[in-house]
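Counting convention: from 1, in listed order, for ligands and their atoms alike. The first residue in the sequence is number 1, and the count goes up from there. Heavy atoms only: backbone and side chains are in, while hydrogens, waters and symmetry mates are out.
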Amino acid sequence: MIDVGILGATGAVGQQFIALLSNHPWFRVAWLGASQRSEGKAYHDATSWRLPSPIADEVARLPVRAAAPPGAPRLVFSALDSSVAGEIEAAFAAAGHLVVSNSRNYRMEQTVPLLIPEINADHLALLDAQGADRGWKGRIVTNPNCSTVVLSMALAPLRQFGLAKVMVTTLQAVSGAGYPGVPSWDILGNVIPFIDGEEEKMESETKKILGCLNGQRIDPHPVTVSAQTTRVAVQNGHTESISVAFEHRPPADAIVEALKSFRGRPQELELPSAPASPLVYLSERNRPQPALDVNRGGGMVVSVGRLRPCPVLDYKFVALGHNTIRGAAGAAILNAELMRREGLL
Ligand code: NAP
């Protein structure tokens with residue numbers, strides 16, 4: 001077993017790490033870090049546990065440490081608030097740790113992989129250049145923003161048809177804003193048409209993820225993405241309404257077949273967190289829905305449905321993914337599993 005630490009262990013994503021890592025075949029939670037508010041407390045006293053599965057006893061008793069490298073294991077997952085993640089993750093990387101991060105701070109750096117292992121496992125090669133570029137003994141690997149994961153997963157199999165333009169409108173769950181997140185007064189019976197920085201992240205991160213490794217950098221995919229993001233009164237699961245224009249407009253059944261048959265390196269390697277099929281296509285007229293479909297494949301599957309012609313672009317469809325699992329903790333764990341199988345841990 002490999003000991004792992006979790007930075008930001010007390011937050012919404014931190015809790016999801018702990019839940020997903022209980023009984024993990026390779027990784028054992030051995031160290032927890034958070035802010036001064038939590039430091040020194042036992043984990044179960046430091047966090048307001050929000051998940052249906054109980055906290056494993058051995059983790060509940062672990063003390064929460066300061067978010068600083070001394071005493072932490074070499075492999076550290078980060079679910080830190082982005083206002084502090086930049087400095088803290090850099091300190092861990094400089095001290096020789098492998099930081100597998102959810103935060104936005106390093107995602108767009110030239111030598112930092114922004115990974116979805118089904119799509120761009122080869123981008124891990126950027127790590128060779130990262131040491132010289134940043135002067136770190138350790139490394140940082142990132143996963144995308146939670147709504148970008150859903151979009152990129154749905155688009156990746158469609159690259160073969162020449163992705164040209166994408167318009168996406170999201171309906172994002174409240175758990176995406178952390179805990180306690182959006183005040184109930186603001187969200188109940190309401191839609192909030194603004195999530196700070198989210199549209200810019202979807203428009204830039206997608207191009208890097210779908211882009212090509214070119215030596216020690218990524219050439220971004222030429223697709224143009226226009227995103228509108230909204231927060232809705234859903235607990236878990238980001239739903240996205242997506243329209244796409246192609247260079248070579250395929251027939252609808254070719255799109256469905258491309259989605260259904262999509263597989264990647266995690267499936268080839270049979271990584272522990274990899275679903276057998278990372279995308280499912282639902283043929284019912286009213287799916288996917290967060291209440292019914294968000295937990296498919298343990299929250300690691302992205303569900304797609306409602307494919308139909310678009311009178312403005314070529315096709316439109318709906319996609320859904322679990323924001324704190326495929327969009328955060330599960331994504332980071334899959335990244336670490338890939339790194340282990342690629343001999344990088
Ligand atoms: P959250 O619930 O607000 O948790 C934030 C965590 O950061 C807590 O553990 C908090 O510790 C810790 N923290 C805050 N200030 C700190 C400081 N000064 N020093 C050390 N630790 C500090 O947020 P979240 O939703 O879990 O998100 C965590 C990260 O993942 C963010 O960067 C977010 O953008 C990203 N993300 C979130 C989602 C999602 O769906 N929620 C999806 C993808 C990515 P205390 O409890 O001690 O304050």
- Criterion side chain to side chain contact (heavy atoms under 4.5 Å, CB included) against I192, the qualifying member of V232, V182, T229: V182

Distances under 3.5 Å, N/O of ligand 1 against N/O of the protein: list each pair and its distance.
{"unit_1": "ligand 1", "atom_1": "2 (O)", "unit_2": "A12", "atom_2": "N", "d": "2.9"}
{"unit_1": "ligand 1", "atom_1": "2 (O)", "unit_2": "Y179", "atom_2": "N", "d": "3.1"}
{"unit_1": "ligand 1", "atom_1": "7 (O)", "unit_2": "D81", "atom_2": "N", "d": "3.2"}
{"unit_1": "ligand 1", "atom_1": "9 (O)", "unit_2": "G8", "atom_2": "O", "d": "3.1"}
{"unit_1": "ligand 1", "atom_1": "9 (O)", "unit_2": "T10", "atom_2": "N", "d": "3.4"}
{"unit_1": "ligand 1", "atom_1": "9 (O)", "unit_2": "T10", "atom_2": "OG1", "d": "2.6"}
{"unit_1": "ligand 1", "atom_1": "9 (O)", "unit_2": "G11", "atom_2": "N", "d": "3.2"}
{"unit_1": "ligand 1", "atom_1": "11 (O)", "unit_2": "T10", "atom_2": "OG1", "d": "3.1"}
{"unit_1": "ligand 1", "atom_1": "21 (N)", "unit_2": "S35", "atom_2": "N", "d": "3.3"}
{"unit_1": "ligand 1", "atom_1": "25 (O)", "unit_2": "G178", "atom_2": "N", "d": "3.4"}
{"unit_1": "ligand 1", "atom_1": "26 (O)", "unit_2": "A12", "atom_2": "N", "d": "3.1"}
{"unit_1": "ligand 1", "atom_1": "26 (O)", "unit_2": "V13", "atom_2": "N", "d": "2.8"}
{"unit_1": "ligand 1", "atom_1": "32 (O)", "unit_2": "L80", "atom_2": "O", "d": "2.8"}
{"unit_1": "ligand 1", "atom_1": "32 (O)", "unit_2": "S103", "atom_2": "OG", "d": "3.1"}
{"unit_1": "ligand 1", "atom_1": "40 (O)", "unit_2": "N323", "atom_2": "ND2", "d": "3.1"}
{"unit_1": "ligand 1", "atom_1": "41 (N)", "unit_2": "S175", "atom_2": "O", "d": "3.0"}
{"unit_1": "ligand 1", "atom_1": "46 (O)", "unit_2": "T10", "atom_2": "OG1", "d": "2.5"}
{"unit_1": "ligand 1", "atom_1": "47 (O)", "unit_2": "S35", "atom_2": "N", "d": "3.1"}
{"unit_1": "ligand 1", "atom_1": "47 (O)", "unit_2": "S35", "atom_2": "OG", "d": "2.6"}
{"unit_1": "ligand 1", "atom_1": "47 (O)", "unit_2": "S38", "atom_2": "OG", "d": "2.4"}
{"unit_1": "ligand 1", "atom_1": "48 (O)", "unit_2": "S35", "atom_2": "OG", "d": "3.3"}
{"unit_1": "ligand 1", "atom_1": "48 (O)", "unit_2": "R37", "atom_2": "NE", "d": "3.0"}
{"unit_1": "ligand 1", "atom_1": "48 (O)", "unit_2": "R37", "atom_2": "NH2", "d": "2.7"}

- Message: Within the structure provided, determine whether F17 and I333 are in side-chain contact (heavy-atom separation under 4.5 Å).
- Response: yes

- Task: State plainly whether the residues E58 and R28 are in salt-bridge range, i.e. N to O under 4.0 Å.
- Result: no

- Between E270 and R265, does a salt bridge (Lys or Arg N to Asp or Glu O under 4.0 Å) hold up when you go through it step by step? CA-CA 8 Å; E270 298 183 353; R265 193 86 178 116; over 6 Å; no

- Message: I'd like to check the salt bridge (charged side-chain N to carboxylate O under 4.0 Å, His left out) partners of R134; sequence neighbours left out, ordered by chain and number.
- Response: E109

- With side chains defined as the heavy atoms from C-beta onward, is the minimum distance between L210 and T206 less than 4.5 Å? yes

